[in-house]
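I have placed the structure first, in the form of structure tokens, so that the comments after it can refer back to it.
Every chain is numbered from 1 and lettered A, B, ... according to where its sequence line falls, protein lines coming before strand lines.
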2 protein chains.
Amino acid sequence: MMKRSLLAVALVSASTVLAQPKDYPVQAVNFTAVKLTDNFWLPRMKINHNVTIPASFARCESTGRVKNFEMAAAHSGKFCTTFPFDDTDIYKTIEGASFSLSLFPDKKLETYIDSLIDKVGKAQEPDGYLYTARTIDPQKPHNWAGPERWVKERELSHELYNSGHLYEAAYAHYYATGKKNLLNIALKNADLVCSVFGEGKLHVAPGHEIVEMGLVKLYRITGKQQYLQTARFFIEERGRYKGYDAKSKDPWRNGAYWQDQQPVADQREAVGHAVRAAYLYSAVADVAALTGDEKLLLAVDSIWQNVVAKKIYVQGGLGAIPSGERFGDNYELPNATAYNETCAAIAGVYWNYRMFLLHGDSKYMDVLEKMLYNGLISGIGLDGKSFFYANAMQIKNHFSHQAMEPERSGWFDCSCCPTNLTRLIPSIPGYVYAQKGDAVYVNLFVSGNATMNVHGKPVSIVQQNNYPWDGALTFTVSPQKTDAFSLLVRIPGWARNEAIPSNLYTFSDNPATKVSISINGQPVEYSVDKGYAVIKRTWKKGDVLKVDLPMDVRRVVASENVKDDQGKVALQRGPLIYCAEWADNNGRAANILIPPDAVFQARFQPDLLNGVEVLQSEVPVITVDEKAQTVSTNRKLVTAIPYYAWANRGKGEMMVWFPEKVKDVEIIGEQSKQEPGKK
Amino acid sequence: MMKRSLLAVALVSASTVLAQPKDYPVQAVNFTAVKLTDNFWLPRMKINHNVTIPASFARCESTGRVKNFEMAAAHSGKFCTTFPFDDTDIYKTIEGASFSLSLFPDKKLETYIDSLIDKVGKAQEPDGYLYTARTIDPQKPHNWAGPERWVKERELSHELYNSGHLYEAAYAHYYATGKKNLLNIALKNADLVCSVFGEGKLHVAPGHEIVEMGLVKLYRITGKQQYLQTARFFIEERGRYKGYDAKSKDPWRNGAYWQDQQPVADQREAVGHAVRAAYLYSAVADVAALTGDEKLLLAVDSIWQNVVAKKIYVQGGLGAIPSGERFGDNYELPNATAYNETCAAIAGVYWNYRMFLLHGDSKYMDVLEKMLYNGLISGIGLDGKSFFYANAMQIKNHFSHQAMEPERSGWFDCSCCPTNLTRLIPSIPGYVYAQKGDAVYVNLFVSGNATMNVHGKPVSIVQQNNYPWDGALTFTVSPQKTDAFSLLVRIPGWARNEAIPSNLYTFSDNPATKVSISINGQPVEYSVDKGYAVIKRTWKKGDVLKVDLPMDVRRVVASENVKDDQGKVALQRGPLIYCAEWADNNGRAANILIPPDAVFQARFQPDLLNGVEVLQSEVPVITVDEKAQTVSTNRKLVTAIPYYAWANRGKGEMMVWFPEKVKDVEIIGEQSKQEPGKK
């Protein structure tokens, strides 16, 4: 499927155009160069291909999303879905299907995508404008769209958001298929956008960021400076609107909801809608890398530090506050009302990967891995067709906030999360390796084969492991010819007694021993640089590198600044954060104590939840006998499962943070007949 | 002390002026006609006279409130307290001291009051304007005062609020002492106010109501129509300001905070700041009575029904929401964050008494009694010098909202509640009786002697009882000459199985038996009309009427619409709502269950809290053994005390509503080090 290397082309194009070519110091490795064979991710990609993508396209058809494009082409009818950004579900699923085609060739799917692209093209106006919510009937546009093009872009219209997703899709489709049919539509639209917006032209801070990332991708394909300049322009437009009330604490009134409260270069804290924010920060990293803008670099570094030290949940979730789907204040990480939109975790992966490419530091991959294995894939059920929009930190029988979802749904009116998952899952091979000159980074541990170029010659790396269940990792390194180069193997933070690259979460138990590494059976000494074990040697074909990561069950505690987690412990094993769910614990989970001396055993259960390692210990459980009206403490065997696997067996209690000790109890009696969570 | 009857004078004045004289159908009985001898209220009045009033005047001196008047007289210096309405603390304490002088003649106090009145008079500007926050230095007025007179009256200045309290004080002082020194100051100010505001003149809805009530009182003294007209004008000004955003849910933005969201005649629900609201509703009752305005009457009747059915706490507290000290939504009566400002209960007494005078129905006195014996006097400590601004419904060790007060304070920067108590407590004799023609209402049960006029001849009634501890009430009725008239003895709602005159709270236990009444030892049959036992007979000197109210311990439950009270029970005996406090229950209160079958015994404890009847029962209590880390249920003797008496023995847990059953418990572990109630 893959006709050429993504970054090779991009770098060549860029270097031919830029006076002083700049880019990320580390280079991503083409996702098509990595073929996975593992039992964790590959099955998910298959389900994505066989279930999620077809279901997503089917919903785009059945809900009228496709019809909107047909009506726009005909300039007749009435926009028939809910949101003007519903167009993006088609773009996002095309993007996901494009990635997926490179994994699983599928002529029928490719033909179907072409038929959709044809409809998209026909819906595009002659000057490149593409937005069905207006084009169908420009006299009566969607009421979010504004009477004229772009006039409501800042608040509501999402015209540039639609464009951004179009560009992202076109980029993936072009590289996956070599076809230019979607790319040409995207370029035509981008040329319009660049002609409309800019210095001396129309000014706006896009209402929902992503057009910035998308423009950078088009710049990578074409080398056209104006795309990069317009992306930078949009970033620099933020913080310039005068209509906000800077003194207001309401993020809609002070602009923080849109990261529009001050110039990006001055921003130091993650604020507002978490998906918008992480898409912006991804673009800021892109533009900082490609332009060398040190103010933007300082801003995005500071914001990242703020998130990792003060605004991320232990399972990698971003955006604590349901109202506005947004970041809370520093350390405002409540469990009862955690929002954690699936899309925000996906956006967090995009952002953290760019931060890694900027700095070559494994701490960004640590955060990325935390998101990927926990709060991101929790967003999709094991069936591949049920989804969480919000990813709860706890579900208690007697407390339910209306924004908390105790069960996955088949689809949402606002279907951003399902379609975002279709595009993230099949792109994972691209995150496994990276390169910087002749140094090869091994970032993720997934069985499979990869081929990279070192000193212009192919080097194959075969990973064999049972990650994330086992810590024994085997890498067979085979340069075409014996050659000296460095392999930088990421030693995850959790294997170096660092729960997260900050003081927000720490391990409270005994430190694990140093990770042992051997080559061809001989232990090797190694140094750790920026979180990577640096293995510099002359490699010959078939060299076997073994890394043994300690898979102890670890106790995670939160900073004393996180009010809701005080006196509580979370459980982690390898990259996985665990939870206790009702289904394994006599119908309850909120009644479990995990004392400091509790010892957990890990046990692989092949028939449970498609095969998971469970953690078990006998701990005190508080039991209410409703008939006898007594409350008592009993020791019971408690089972914890990986957080990502919760809510696949019906609705009930789930806890991530467990009290270590009980100081008091609050009596819960009869509840009001009113709907829970509503007043 | 008392030179003439309040209402007699008022009615004569009114009837000589009004073309169609209108007034309340029921007439209040002059408070000086009632001499209390009881052990419940008289000691409180003595403490008020001996401790609270002197302390209040001392604080007015020491905080600079008196100095503000001196500086205003000298037109030099700088306003030296916090709020422009600090002037009212002097007016309110003068009012309280005036009432108190009629109970406890005190030349020294009377002389001191005169000296204060002299300072007040000197601070008045030549045209009658009286507002130290501007007069001290009109070039640099308090920043709430506005650059010119009245320009900030709606939002902040409280100029008319100061005037209203001045009028209230002048009214009490005039009737208690016969002196006109304060009255003349008040009339001069009122004449200015009436000349400035009105149709064709300045328009404003006063920012904090009370000037309306005050003007009606001056009208009662003088018969001057303009005072009544201006009171009505101010009421009718509400709902006319165009600067609000009617669509906003924020009570400051939609005007509801000030009861300014719509014309009063259209209002049907109690909204906004509870003290402002109840002062307004009191004035609406006054103006409706004095003008016969049926639209205002319908409004105030509807609002009262709304409060009693949906917005009052079981102990009579008004204003659920700390932010804005305001009424919540219908049925929004949370226990953890109940605000219940002491001043709102006081304002509620003023309002409910006026509603009784309008309708002659005991249900208004039921609500008044509930406030008086529970959520109002809880505002002052047994020492007479410690005060609650907010009256909590529960205090839990592990939960504390910043607005909740677990202990009384000596004074507040905003000292409205302490000084409001000084004026309410000594006025209570005025609420005991009322008359309508030759019918005499007995509204409150307090030992003492009263003399009223029936058919132009004196009738003395002597009450002997041990209320609220005992239900045996003895009334010795002595007309000067044998005469036929009706005695209307209030049979409290709680003695007729009505916890409140609505479905908001009901008794869940077996109904009490009918109240038995005898005259001179012979049982009498009686009918109940509007909640009164109607005893119509020819009375002769020394007739002894006995009424036996059932003093069972009653279980109170809340409407299913009150979310926070579901599955919970409160305890009531007589008019008193009970609570459990830490001091009687092994240091806890939030761990008590009161099952449906619990039987409480009442026992008088003379040495406890100045003598209270406690309620005791052996019930399940949930105990946490922190050392053993166990939770268990044990039966323990639990003691409940009258709600009004809580927080006189230090800080700790207190509960009014108790779970009847436990369905679950919430584990409380270590708490954050952060300040409780703050994020």
Side-chain angles (χ1 to χ4, degrees), chain A residues 250 328-332 334 336 396-399 558-569 588 590-595 620-634 653 655 657-676 678-679, chain B residues 250 328-332 334 396-399 558-569 588 590-595 619-634 653 655 657-676 678-679:
Chain A
D250 179 337
D329 291 339
N330 287 331
Y331 302 113
E332 187 181 6
K396 291 187 178 184
N397 283 340
H398 56 78
F399 176 84
S559 155
E560 67 173 13
N561 296 307
V562 186
K563 191 180 162 197
D564 268 35
D565 297 341
Q566 293 314 294
K568 295 181 186 168
V569 64
R588 296 292 315 276
N591 58 345
I592 297 167
L593 294 169
I594 299 192
V621 169
I622 297 179
T623 306
V624 175
D625 182 332
E626 272 202 67
K627 198 171 170 196
Q629 281 292 301
T630 58
V631 180
S632 57
T633 328
N634 305 291
E653 291 195 337
M655 298 292 282
W657 289 100
F658 304 89
E660 294 189 294
K661 292 183 181 179
V662 54
K663 278 185 80 76
D664 192 6
V665 296
E666 171 122 16
I667 302 168
I668 311 295
E670 294 293 334
Q671 300 290 297
S672 164
K673 308 288 184 301
Q674 293 181 359
E675 194 180 336
K678 283 200 167 179
K679 272 195 313 221
Chain B
D250 179 338
D329 291 338
N330 287 330
Y331 303 113
E332 188 180 6
K396 291 186 177 184
N397 283 340
H398 55 78
F399 176 85
S559 155
E560 67 174 13
N561 295 308
V562 186
K563 191 180 159 196
D564 268 35
D565 296 342
Q566 293 312 295
K568 294 181 185 168
V569 65
R588 296 294 311 278
N591 58 345
I592 296 168
L593 292 170
I594 300 193
V619 293
V621 168
I622 297 179
T623 306
V624 175
D625 182 331
E626 272 201 67
K627 198 170 171 197
Q629 280 293 299
T630 58
V631 181
S632 57
T633 328
N634 305 292
E653 291 194 337
M655 299 293 282
W657 289 100
F658 303 89
E660 293 191 293
K661 292 184 182 179
V662 54
K663 277 185 79 74
D664 193 7
V665 296
E666 171 122 15
I667 301 168
I668 311 295
E670 294 292 334
Q671 301 289 297
S672 164
K673 307 289 186 297
Q674 293 181 359
E675 194 180 336
K678 282 198 168 181
K679 270 193 314 218

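Counting heavy atoms from C-beta on, the side chains of B:Glu670 and A:Lys663 come closer than 4.5 Å. The side-chain heavy atoms of B:Ile668 and A:Val665, taken from C-beta on, include no pair separated by under 4.5 Å.
Ranking A:Thr633, A:Asp565, A:Asp664 against chain B, the residue ahead of the rest is A:Asp664, based on heavy-atom pairs under 4.5 Å. Ranked by heavy-atom pairs under 4.5 Å with chain A, the first of B:Thr630, B:Asn634, B:Asn397 is B:Thr630.
Salt bridge annotation for A:Lys396-B:Glu666: present, with a cationic side-chain nitrogen under 4.0 angstrom from a carboxylate oxygen.
At least one donor-acceptor pair closer than 3.5 Å links the side chain of B:Gln629 to the backbone N or O of A:Val662. The backbone N or O of B:Ser632 sits nowhere less than 3.5 Å from a side-chain atom of A:Ser632 that would complete a donor-acceptor pair.
Scanning residues 619-628 of chain B against chain A with a 4.5 Å heavy-atom cutoff picks out B:Ile622, B:Val624, B:Glu626, ordered by number.
One finds the CD1 atom of A:Ile667 at 6.5 Å from the CG atom of B:Asn591 (value rounded to the nearest 0.5 Å).
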